[in-house]
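For reference, the structure is listed below as C-alpha cells.
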Amino acid sequence: MVFTLRAKPTSNGNRISKILQLPQVFLSFSSLTPNSLQTLHNGLESNTRELDFNAVFLSCTDTHIAKCLHAHLLVSGNARNIFFSTRLVNLYADLGDVSFSCLAFEQIPKKNVFAWNSMISGYVRNGCYRQAVDCYSRLLTTSGVRPDFFTFPVVLKACWDLSDGRKMHCWISKLGIGSDVFVAASLVHMYSRLGFVDDARKMFDEMTVRDMGSWNAMISAYCQNGKAAEALEVFEEMRLEGMKLDPVTISSILPVCAPLNDLLRGMLIHVYVIKHGLEFDVFVSNALINMYAKLGSLDPARRVFDQMPVRDLVSWNSIIAAYEQNNDTTRALGFFVQMKQNGFQPDALTLVSLSSMVAQSGDSQNSRPIHAFMMRRGWLLEDIFLGNAVVDMYAKLGSIASAQKAFEAMPDKDVISWNALITGYAQNGLASEAIEVYHMMEGCSGIVPDQGTLVSILPALSHIGALQQGMRIHGQAIRMGLHLDVFVGTCLIDMYSKCGRLDDAISLFLQVPRMSSVPWNAIISGYGIHGHGEKALKLFQEMQSEGVKPDHVTFVSLLSACSHAGLVDQGQWCFQLMQEDYGIKPNLKHYGCMVDLLGRAGHLEKSYAFIKNMPILPDSSVWGALLGACRIHGNFELGMFASNRLFEVDSENVGYYVLLSNIYANVGKWDGVDKVRSLAKDRGLKKTPGWSSIEVNNRVDVFYTGNKSHPKCEEIYSELRMLLAKMKSLGYVPDYSFVLQDVEEDEKEHILTGHSERLAIAFGLISTPPKTTIRIFKNLRVCGDCHTATKFISKITEREIVVRDSNRFHHFKDGNCSCGDYW
DNA sequence: ATAGGGTTAG
C-alpha cells in the first residue's frame with residue numbers, strides 16, 4: 001500500500017515539496033508542522049553537494065522531524081544502509097517513540113549485532129524491560145547473530161527475574177566476555193537489584209580489573225540492599241586503592257550517612273565534593289540535601305539547594321520533604337509554591353510530601369483535593385506508596401472512615417497498607433477495630449507481617465488490656481527475631497506494663513538495647529502508672545548515668561509518675577531540670593502534670609498560681625487537673641472558678657461535668673448538682689461512652705455502661721445484686737454524685753450498679769476460679785463510687801482486683817487500694 | 001551505528 005504525501009508549502013518549503021512515495025504508516029506526517037519541515041530543510045540544505053544525513057540526524061529534535069528524515073531515507077534508498085537505519089532505531093528511542101524505533105528496526109532486512117543492541121537498548125531506555133528481554137530471546141533463537149559485550153550491559157539492566165539473569169550469566173561465561181569491565185559491573189548490578197548481594201559481591205571479587213564503574217556498582221549494591229556498613233567498607237577500600245571519587249560514587253555513598261546517623265561523615269564527603277568541584281552535579285547536590293535533611297540539619301540542606309545552578313524535580317521534592325520531615329509545614333509549602341512557579345509539575349513523591357504535610361498540620365480541608373488530584377491522574381491505581389500515604393493522611397486527620405474507603409479502593413495492598421489502617425484505628429481510639437483489621441490481615445495470603453505490623457497492633461492490645469493476645473504477638477515477635485528490636489521491644493514493654501505485668505515489662509526492658517530514650521520512657525511510664533514514683537525517679541537517674549538523653553516524653557512520664565505517687569518536690573525538681581539542663585520547653589502535657597502534681601498534693605493555691613504563670617494558654621486538661629484537685633480537697637470556690645475557665649475552652653467533655661457535680665455534692669449543694677445535670681443535658685453532650693474490658697480465655701469482652709446484651713447478662717446482674725447487699729451490710733453507701741442523670745434514688749443506685757467497670761468485674765468473678773486475680777480495663781477514669789465499691793468487693797470475694805483506668809493502675813486487695821485513695 | 005555504576009517516599 002502506497003500513500004502519497006505532499007508536504008505543505010511554506011515560504012521556503014517549496015523546494016522540498018516534492019512528491020514522496022511512502023508506506024501507509026507515514027500517514028501521521030500530515031501533522032508535520034511548517035517549523036519541523038523548515039528544520040529538516042535547513043539540515044538538508046546545509047550540505048549542498050549531497051544529503052549529509054549525519055547533520056540531519058543531529059538536527060532531529062522531535063519525532064516529527066525524525067519521521068520526515070525517515071521518509072527521505074526510504075525515498076532516497078538510503079534506508080537499506082544498515083548504518084543509517086540503525087541510527088534511526090536509536091534516534092526514535094531517544095525521542096521516546098518506541099513503536100517507530102521498532103518499525104525502523106523491523107525494516108532492516110539483515111540485522112547485525114549493532115542493530116539488535118540498539119533495539120534492546122532502545123527498549124531499556126524507554127523502560128520497556130519486558131520487550132527488551134523478549135527481543136534478546138529473539139536474538140538468541142532466530143537471528144543467528146551472537147550477542148556481544150555491548151548486548152549484556154543493556155539487557156542485564158532489563159532483567160527482573162533471577163532465572164533470566166542466571167541464563168544471561170551463563171551465556172556471558174560461554175562467550176568468555178565476563179571479564180569485560182562493563183559486563184562485570186552490569187552483573188554486579190543485576191544481582192544486587194534482584195536482592196542477591198552475595199552473588200554481586202562474588203562477581204566483584206572475581207574481577208581482575210576494576211574501574212570506577214566497578215567500584216560504584218559494588219557500593220550501590222550494598223547501599224540499595226540496606227547494608228550501609230558494608231557499603232562504607234567498600235568505599236574506604238576504594239579510597240585506599242587510590243581511586244578518585246566521581247559524582248556517581250558520591251551520590252551512591254551519601255545516602256548511607258543518615259541510617260548510620262553519621263553527620264560527620266556526610267560533612268567530610270561534602271568537603272570532598274567542594275574541593276573537587278563535584279557540587280555542580282545535580283545528583284550530588286540532591287543527595288547532599290537529603291543527607292542533611294534526614295540528619296536534621298536544615299540550614300546546610302537549604303544552602304546546598306540555594307546554590308544549585310540547575311535544579312530538577314528531585315531537588316524540589318527533596319527540599320520540600322526536608323522541611324516537611326522536620327515539621328516545618330509552612331516552609332515546605334512555600335517551596336512547593338516556588339516549585340510550581342518554576343514550571344515543575346508535582347509527581348508522586350511530591351504528593352507523598354503534600355499528604356504528610358496536610359496530616360501533620362491537621363488541615364482537613366486540603367485532604368480531599370490532594371486525594372482527588374491523585375485519582376484524576378490515575379496514580380492511585382498504579383502506586384501503592386501513594387495509596388498508603390492517603391490512608392495514613394486520613395487516619396492522622398481522624399477521618400478513619402475515609403481511610404478505610406481509600407484502603408478498600410486500592411487495587412493492590414501491601415503490608416504497609418495494612419499497617420497504616422491498623423495504626424489508624426488504634427490511634428483513633430478504636431482498638432477493637434484495629435484488632436479486627438489485624439485478624440483480617442492474618443487471613444490474607446501474601447501479606448507477611450513486619451516490624452511495623454507489630455508496632456501498630458501492640459498499642460491496640462495494650463489499650464484494651466488484651467494480655468493473652470499480646471503474649472501471642474510477643475511469641476510472634478520472637479519467631480520473627482524482632483522481640484529485641486527497640487521499637488517492638490518498647491511496645492512490648494508498654495503492653496506488659498499496661499496489662500498489669502510490670503515484672504515482665506522490667507525483664508524485657510533489661511534485654512532490649514537502651515541507647516535511645518524510647519524504651520526508658522516506656523518503663524518509666526510503666527512504674528508511674530503502677531504508682532511507683534520513687535522507682536521511676538531511680539530509673540531516670542540510671543538513664544542519665546548511662547548517658548541516654550531524655551526527651552520531652554521522658555519528662556511527661558516522669559512528672560506523671562511523681563504526681564501519681566505524690567512526690568511534689570521531686571516533680572518540681574524534674575520540671576526545672578528539664579528546662580535548665582536539657583533545654584526542653586514544657587508543653588501542655590508537662591503543665592498539666594505539674595498542675596495535677598501540686599493540686600492533688602493539696603497545694604491548690606500554688607497550683608492555680610502555676611497556671612497563672614504559664615507562658616502558653618492553658619487547655620482543658622490543665623484546668624481539668626485543677627478541677628480534679630479541688631474535688632479531692634473539697635475547695636468549692638476554686639473549683640467553681642476552674643470549672644468556669646474549663647468550660648470556656650471545652651464544654652463538650654462530660655467527664656468534667658461529673659467532676660463538677662461531685663464538687664457540689666461534697667458540700668451538700670444539691671441544687672448545684674441538679675444545675676450541672678441540666679447543663680449537661682442542655683448541651684446535648686457528645687459524651688465518650690464509658691467501657692470496661694476483661695480478658696478471659698483469650699477473649700476480650702467489652703462492657704458498656706448499662707449494657708444488657710452480654711450472653712451472661714443475667715448472671716452478671718444477679719452477682720452484682722448479691723454483692724450490693726453484702727457491701728451495704730459492711731457499710732457501703734452509694735455516692736450518687738457520680739450519677740449525672742436526673743432520676744430517682746433507686747434508679748441512681750441501679751445506674752451505679754450498671755457501670756461498665758462493675759459489669760466487667762462481676763463477669764470476671766463468675767468466669768474464673770476462686771482466688772484468681774481479676775484484671776479490668778476502663779477507658780475513662782474509674783468512677784469514684786465504683787472505686788469504693790471495688791474495695792468492698794475485693795474484701796467480700798477475697799480476690800485481688802486490678803483496675804487500669806485511663807490514668808493509672810489500682811490494685812485492690814483486702815478492702816484497700818494501692819493508690820491509697822490518692823488519685 | 002551499540003555498553004555498566006547515581007539522588008527523593010508510605
Let's test your reading of the model: under 3.5 Å, does the base of [N] pair with the side chain of [X] as donor and acceptor?
| X | N | value |
| --- | --- | --- |
| A:Ser252 | B:dG6 | no |
| A:Asp180 | B:dG4 | no |
| A:Asn117 | B:dA1 | no |

As a test of reading the structure: which of [options] is closest to the side chain of [X], going by heavy atoms?
| X | options | answer |
| --- | --- | --- |
| A:Ser121 | B:dA3, B:dT7, B:dG6 | B:dA3 |
| A:Phe114 | B:dT8, B:dG6, B:dT2 | B:dT2 |
| A:Gln325 | B:dA1, B:dA9, B:dT8 | B:dA9 |

DNA chain B-proximal residues of residues 278-290 of chain A, any heavy atom under 4.0 Å = A:Asp281, A:Phe283, A:Val284, A:Asn286, A:Asn290
Close approaches to DNA chain B from residues 140-161 of chain A, in residue order (heavy atom, under 4.0 Å) | A:Phe149, A:Phe150, A:Pro153, A:Val154, A:Lys157
Between CZ of A:Phe305 and P of B:dT8 the distance, given in whole Å, is 16 Å
According to the ring-ring contact (aromatic ring centres under 6.0 Å, His included) rule, which pairs have a member within residues 188-214 of chain A, sequence neighbours left out?
-> A:His169-A:Tyr191, A:Phe204-A:Trp215
Residues A:Pro346 and A:Phe373: closest non-hydrogen pair is CG-CZ, 4.1 Å
Min side-chain heavy-atom separation A:Leu254-A:Leu288 under 4.5 Å | yes
